[in-house]
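Remarks on the structure that follows.
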Amino acid sequence: QVQLVESGGGAVQAGGSLRLSCVDSGQTFIHYAMAWFRQTPGNVRDIVAAIHRDGVRTVYADSAKGRFTISRDNAKSTVYLQMNSLKPEDTAVYYCAATAFYCVNYDCYKGARFDYWGQGTQVTVSG
């Protein structure tokens, strides 16, 4: 069973950085690819970045490329999202999610079924 808890959200000025963390308190983290999504009011939840079980292969939305970095520490059952050069349009609730789908590209992750979700953490960028 996967149980995800996010942390690290907050309020920052444009140009600042935040690192989100998502810990799985279950025992099966290594079996899942992980992703970060974000959602603003009235909009669908969009995938921002995803990382394969191997911790090496990553994919990013165009909006995140060059600014965000997803990583995972399987020993700690944790996935991270390092966000740099934040912009006001990055303001959203960010969710981590786990999928058993085998994906290696962004389109695959967009169509994958994510069975487990965290509760979300608010990121607010002003300026």
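Everything numeric here is computed off the predicted structure, so don't read it as measured data. Count residues from 1 along the sequence.
- Side chain of Gln119 to backbone of Glu6: a donor-acceptor contact under 3.5 angstrom is found.
- Looking at Thr99, its side chain does come within 3.5 Å of a backbone N or O of Arg113 through a donor-acceptor pair.
- Sorted by first then second residue, the disulfide (SG to SG under 2.5 Å) pairs that include residues 24-93, not counting sequence neighbours, number zero.
- Expressed to the nearest 0.5 Å, how far OG1 of Thr78 lies from CG of Asp73 amounts to 6.5 Å.
- To the nearest 0.5 Å, atom CG of residue Asp24 and atom NZ of residue Lys76 are 15.0 Å apart.
- Residues passing the side-chain hydrogen bond (donor to acceptor under 3.5 Å, both in side chains) test with Asn84 are Ser17, Gln82, sequence neighbours excluded.
- Partners of Gln27 under the side-chain hydrogen bond (donor to acceptor under 3.5 Å, both in side chains) rule, at least two apart in sequence or in another chain, do not exist in this structure.
- In this structure, the separation between CZ on Arg38 and CD on Glu89 is 8.0 Å, given to the nearest 0.5 Å.
- Here the CZ-OG distance, from Arg67 to Ser85, works out to 7.0 Å after rounding to the nearest 0.5 Å.
- Of all non-hydrogen atoms in Arg53 and His31, the two that sit nearest each other are CD-O, 3.0 Å.
- Residues meeting the side-chain hydrogen bond (donor to acceptor under 3.5 Å, both in side chains) test with Arg19, sequence neighbours left out: none.
- Residues forming a side chain to side chain contact (heavy atoms under 4.5 Å, CB included) with Asn105 (at least two apart in sequence, or on another chain): Asp107, Cys108.
- Applying the salt bridge (Lys or Arg N to Asp or Glu O under 4.0 Å) rule to Asp54 yields the partners Arg57; only residues at least two apart in sequence or on another chain are considered.
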Run the numbers on Arg45 and Trp117 for side-chain contact (heavy atoms from CB on, under 4.5 Å), then give the verdict.
CA-CA 12 Å; Arg45 198 171 291 185; Trp117 294 84; 3.2 Å; yes

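- In terms of heavy-atom proximity, Tyr95 sits nearest to Gly118 at CD2-O, 3.6 Å.
- With sequence neighbours excluded, no residue satisfies salt bridge (Lys or Arg N to Asp or Glu O under 4.0 Å) with Asp46.
- For the side chain to side chain contact (heavy atoms under 4.5 Å, CB included) test, residues two or more places apart in sequence or in another chain that qualify with Ser71 are Tyr80.
- Here Arg72 pairs with nothing under the salt bridge (Lys or Arg N to Asp or Glu O under 4.0 Å) rule; sequence neighbours left out.
- For Thr40, the side chain to side chain contact (heavy atoms under 4.5 Å, CB included) criterion is met by Asn43, Ala92, not counting sequence neighbours.
- Formation of a donor-acceptor pair under 3.5 Å by the Ser63 side chain with backbone atoms of Ala61 is not found in this model.
- Listed for the Thr91 side chain is no donor-acceptor partner under 3.5 Å among the backbone atoms of Thr124.
- Between Tyr109 and Phe101, the ring centre distance reaches or exceeds 6.0 Å.
- The other members of the hydrophobic cluster of Leu18, by chain and number, are Val2, Leu4, Val12, Leu20, Phe29, Tyr32, Met34, Trp36, Val48, Ile51, Tyr60, Phe68, Ile70, Val79, Leu81, Met83, Leu86, Tyr94, Tyr116, Val123, Val125 (side-chain heavy atoms under 4.5 Å, ILVMFWY only).
- With respect to the salt-bridge test (charged N to carboxylate O, under 4.0 angstrom), the residues Asp90 and Lys87 do not qualify.
- Using a 4.5 Å cut-off between side-chain heavy atoms of Ile, Leu, Val, Met, Phe, Trp and Tyr, Tyr102 falls into a hydrophobic cluster with Val104.
- Closest non-hydrogen pair, Val93 versus Gln122, comes out as CG2-OE1, 3.2 Å.
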